[in-house]
Structure formats: C-alpha cells, structure tokens
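Have a look at the structure below before the remarks.
To find a chain, count down the sequence lines: A is the first, B the second, and so on, and within it residues start at 1.
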Amino acid sequence: MWGRRDMNDLLFELPLPEFFDLPACLEYMNRSPLECLFRSDGEGVTRLFMLEGTPSLVRLTVAAGTPRLQATLLTGAFPGPKPLAELAQYIVEWFDLERDLAPFYRLADADPLLQKLAASERGLRIIGIPDLFEALCWAILGQQVNLAFAYRLKQQLTAEYGKSLEYEGHTYYHFPGPETFLQVSMEELCSLQLTRSKARTLLDVAALIAGGELSREELLALPSPEAAEQRLLKIRGIGLWTSQYVRMRCLRDATAFPVGDVGLQNAVKFLTGMDRKPTPAELLALSVPWHGWEAYATFYLWRALY
DNA sequence: AGCCAGGGTAGGG
DNA sequence: CCCTACCATGGC
C-alpha cells in the first residue's frame, strides 16, 4: 500500500498550538499569484518536497473540527522515518508552530498600531523560509525591487534551475539547491533579469553554503541573533535589511526588526496617517512596546498593506 | 517621464 | 557613528 501513487496517504498529524489559524496563514501565502514554491487555496497548501531524492507532493490541511495539521502525500513514495521527521520539522518551522503567541497578543491587543491587525489576523504566524539558501535568495531577489518583480525573478530562477512536477493540471516547483549554482555564470543569471549585484551575491552565497562555510545550523549555534547578523553582514551584497529579514523568516528570531523595510515604513505611514514614511529612528521608537516581538509586529503590519 | 520598489556599497565627513 | 551619491531594473 505505501508507495502507491495518488493515494492521498496521511503522512502525519501535528498538534496545533493555541492561536493558530490556517486560513489567516493561507491568506498571507496567497498574497501573490506569482508565488511558485507552493500553491495555496482556502483549504490548504501544497508544496513539492524532495524526500529521499524523490519529488513528493505534500498537502497540508486542518482536519475539520480537530486541532491538528494534517500532512498528506499526494504523489511520491511513502518516506522512511528520518525524512518523515525532517519533513515534520520543516513544517513546524514553516508555520512557526512552536511559538507561544499569548505574550504577543497581550501587548498587541493594547497597542494603538497593532490592535486592529491583532484582531483581524488572529492566529496568523510568521510564515518562515526554513531553508537558508532559499531565504537568502528570496531576500536578495527582493532587494530594491517591487514584490511583483521579485516574484517574477524567483519564478524564472526556479523554472530554470529547479525540479518540477505536474499534478492535476498544475506545475509544482522545488527551489534549486546551492550546489546547482556552482557551475552557473553571472551572465546566465543576468539573462534572467537579475542585476549584476544580485547575481554576484547569489553566486557567492551559493558557494559559501555548498562549500560548508555557511549554514543555518551554524548561524543558530552562534551565541546571539546579533552574532548571526554580523556573520551575514560579512557577505558582500548582504546588508542590514537582508540579514534582519533572514533572522525573521529563516532563523525564527522574533526580535528581528527590519527598520529599513519599505513595506514596514509604508504600513506605519498608512496606519498613523503620516504624510511621509517614518524614519528608522522613528520606527525604533515606535517598537519599544513591542520588545521581544518586533518580527511579529512587522509581519502583522505588512498585512495592513493588503 | 519620473518616481517608486520588502537595498547595498563606496566615499566622505 | 552619520550622511550622501550612485547603482540597477521593471512597473505604473
């Protein structure tokens, strides 16, 4: 029975924490029709994983009336215990399931800027990018371009270098690993509309990770998130925004606060009625009551823009 | 045409 | 530490 295709095998269930709302998460994940690394609808999300070298399509839903997140295998071979455990861990980090959000809502519910969002987005968690290379690439692609174009760049990069799988009329893509880029030239990447700066930084990051000189585990093992930030800042083309973004989306650091982020600035401008964008100093002053939850405040504020 | 976009670097105080 | 050019590409 295991291993048969298109059998919708239940892989595992994860107990849901308090304050988790899958539809709220899916709404965020649905913010761009150009997203190519997963496909979400009102019921759940489907993503292509490589399990023991086999492209495997996994769908996540919440079983009706239960506090459990179900992972279902749509196609692929039923994996062994180790890849199964790694997949479960990936999903825990993808949806930040181990975070206790009660302290965040205690402060957000009393905060003039966050109050409404904390109510309307109740149960939204920071959707992570657990893979360091993918997270860095997404941040690099998103530097100084509008989101629509960043998605287009990611789509072109993924379609060119990643694996894909057709299922029920949709194409699912898997983001290429860093080793894929060891033989790729800047010119090749520039032909996909990356600037030379983005291409060079992406290739440098790929070489570092593929060469074992940079890893998520190493960054998490450093004594503090600030130390991880310093490590990332050593890489040319990675500045403050990118390192804070990676802390927030990949290293699951709830205190990361990308004050240079235009989206954050525009959200605060909109919510406060300012006639200009707030300066980083003004954002830092605003964030004092959010201490410890700056990343969650940022993620919720982004929602005000949609 | 001109300004903006989920920035970064180099150069000069 | 700060501030200022300048870079580079697409969207509207």
Original post:
Nearest-Å distance, CD (A:Q193) to C1' (C:dG11)?
Top reply: 12 Å

Original post:
In which ranges does DNA chain B form stems of 3 or more consecutive Watson-Crick or G-U pairs, distances under 3.5 Å?
Top reply: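 Correct response: B:2-5 with C:9-12, B:7-13 with C:1-7.
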
Original post:
At under 4.0 Å between heavy atoms, what does A:L305 touch on the DNA or RNA strands: base, sugar-phosphate, or nothing?
Top reply: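 If one applies the 4.0 Å heavy-atom cut-off, A:L305 turns out to touch nothing in the nucleic acid.
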
**OP:** Scan A:R249 against the nucleic acid and name what it touches under 4.0 Å (heavy atoms): base, sugar-phosphate only, or nothing.
**Re:** base

Subject >> Nucleic acid contacts of residues 147-156 of chain A, taken as heavy-atom distances under 4.0 Å to DNA chain C >> reply: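 By residue number: A:F149, A:R152.
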
Subject >> Side-chain (A:R99) to main-chain (A:R252) donor-acceptor, under 3.5 angstrom >> reply: yes

Verify the contact: side-chain N or O of [X] to OP1 or OP2 of [N], cut-off strictly under 4.0 Å; return yes or no.
X	N	value
A:N266	B:dA5	yes
A:K277	B:dA5	yes
A:Q144	B:dG8	no
A:S197	B:dG7	no

**OP:** Find out if a path of hydrophobic residues (ILVMFWY) with successive side-chain heavy-atom gaps under 4.5 Å connects A:L113 to A:M274.
**Re:**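 A:L113 does not cluster with A:M274.
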
Original post:
Under 4.5 Å between side-chain heavy atoms, hopping through other hydrophobics if needed: is there a path connecting A:F299 to A:V262?
Top reply: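 Hydrophobic grouping puts A:F299 apart from A:V262.
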
**OP:** Taking all heavy atoms of A:F175 and all of A:L37, pick out the closest pair and write down the distance.
**Re:** N-CD2, 3.9 Å

Original post:
Have A:T255 and A:E294 got a donor and an acceptor in their side chains that come within less than 3.5 Å?
Top reply: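 There is no such pair (donor and acceptor under 3.5 Å, judged by atom type) between the side chains of A:T255 and A:E294.
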
Subject >> Upstream residue (5' side of DNA chain B) when A:Y306 and A:R236 are each assigned their closest nucleotide >> reply: A:Y306

**OP:** Flag this pair as yes if the NZ/CZ of A:R47 is under 6.0 angstrom from the six-membered ring centre of A:W94 and inside a 45 degree cone about the axis; otherwise no.
**Re:**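 Judged by the rule (NZ or CZ under 6.0 Å from the ring centre, within 45° of its axis), A:R47 counts as positioned above A:W94.
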
